[in-house]
Amino acid sequence: MDIMQYIIIAVLFALIVFLLVRRFYTPKYINNLSQEEFIKGYRKAQLIDVREPREYDGGHILGARNIPMSQIRQRINEFRKDQPIYLYCQSGARSRQAASIIRKKRGATEIYQLKSGFRKWTGKIKKK
């Protein structure tokens, strides 16, 4: 192997590490909450399910509004700045992404996320 191949391999490795860290890292401005902590606060907040409509219709937390991740930018003005925002998705990846967008575009500071997402939820749900 020549030096160029080593450089290409090193760059690809660094890119993969960066993408993995970015995918699983939770920024400090997002508060990860256990199910018990989430239940204590979400009734006094904006409860948003960022999954797609078919996932939401299959079962969602009682009282949640569906604003899919794919529509966050277009519907950013639906988020109030004066109330905490409680987000959840299936596993936590999309809600983390949504929180980042909401913080940047809307300036929200109180953003909470359901740790481990809806797949671990054992509380009350509603199906359509």
* Asked: Just by modelled atom types, is the Asn32 backbone N or O under 3.5 Å from a matching donor or acceptor in the Gln113 side chain?
  -> no
* Asked: With sequence neighbours excluded, what pairs up with Phe79 under the ring pair (Phe, Tyr, Trp, His ring centres under 6.0 Å) test?
  -> none
* Same cluster or not: are Ile111 and Tyr88 linked, directly or through other Ile, Leu, Val, Met, Phe, Trp or Tyr residues, by side-chain heavy atoms under 4.5 angstrom apart? -> no
* To do: Would you confirm whether Asp49, through its side chain, and Asn66, through its main-chain N or O, come within 3.5 Å as a donor-acceptor pair?
  => no
* Asked: Can you name the residues that form a salt bridge (charged side-chain N to carboxylate O under 4.0 Å, His left out) with Glu55, not counting sequence neighbours?
  -> Arg94
* Can you list the residues that meet the side-chain contact (heavy atoms from CB on, under 4.5 Å) rule with Arg65, with sequence neighbours excluded? -> Ile48, Ile67, Glu78
* **salt bridge (Lys or Arg N to Asp or Glu O under 4.0 Å) partners of residues 107-124, not counting sequence neighbours, each pair once** => none
* **salt bridge (charged side-chain N to carboxylate O under 4.0 Å, His left out) involving Glu37 - partner list, sequence neighbours excluded** => none
* To do: Using the test side chain to side chain donor-acceptor pair (under 3.5 Å), find all partners of Gln74 that sit at least two apart in sequence or belong to another chain.
  => none
* Please report the closest heavy-atom contact between Ile85 and Ala108, naming both atoms and the distance. => CD1-CB, 3.8 Å
* Asked: What's in the same ILVMFWY side-chain cluster as Leu62, cut-off under 4.5 Å, chained through other members?
  -> none
* Qualifying residues under salt bridge (charged side-chain N to carboxylate O under 4.0 Å, His left out), relative to Arg73, sequence neighbours excluded -> none
* Asked: CZ/Arg96 to SG/Cys89 distance, rounded to the nearest 0.5 angstrom?
  -> 7.5 Å
* To do: Could you tell me whether the side chain of Gln5 and the main chain of Asp2 form a donor-acceptor pair under 3.5 Å?
  => yes
* Structure fact -> Quick note, ring pair (Phe, Tyr, Trp, His ring centres under 6.0 Å) partners involving residues 47-72, not counting sequence neighbours, are Tyr56-His60
* For Arg80, which residues count as a salt bridge (charged side-chain N to carboxylate O under 4.0 Å, His left out) partner, sequence neighbours excluded? -> Asp82
* **By side chain to side chain donor-acceptor pair (under 3.5 Å) - contacts of Glu52 (at least two apart)** => Ser70
* To do: Tell me whether Leu33 is reachable from Ile30 by hopping between hydrophobic residues (I, L, V, M, F, W, Y) whose side-chain heavy atoms are closer than 4.5 Å.
  => no
* Asked: Can you tell if the side chain of Pro68 reaches within under 4.5 Å of the side chain of Pro53, non-hydrogen atoms only?
  -> yes
* Residue pair Trp121, Ile39: steps toward the side-chain contact (heavy atoms from CB on, under 4.5 Å) verdict -> CA-CA 10 Å; Trp121 182 260; Ile39 288 171; 3.5 Å; yes
* Structure fact -> Rounded to the nearest 0.5 Å, the CZ atom of Arg51 sits from the OG atom of Ser95 at a distance of 10.5 Å
* At what distance, to the nearest 0.5 angstrom, does CG of Asp57 lie from NZ of Lys126? -> 10.5 Å
* To do: Taking ring pair (Phe, Tyr, Trp, His ring centres under 6.0 Å) as the test, write out the residues that go with Tyr86, two or more places apart.
  => Phe38, Tyr112
* To do: Can you measure from CG (Leu12) to CD1 (Ile8) and round to the nearest 0.5 angstrom?
  => 7.5 Å
* Residue among Ile101, Leu87, Ile102 satisfying side-chain contact (heavy atoms from CB on, under 4.5 Å) with Val50 -> Leu87
* Under a single-linkage definition using a 4.5 Å side-chain heavy-atom cutoff for Ile, Leu, Val, Met, Phe, Trp and Tyr, are Ile76 and Met69 assigned to the same hydrophobic cluster? -> yes
* So Ile61 and Leu114, side-chain contact (heavy atoms from CB on, under 4.5 Å) or not? Walk me through it. -> CA-CA 11 Å; Ile61 298 173; Leu114 178 60; 4.3 Å; yes
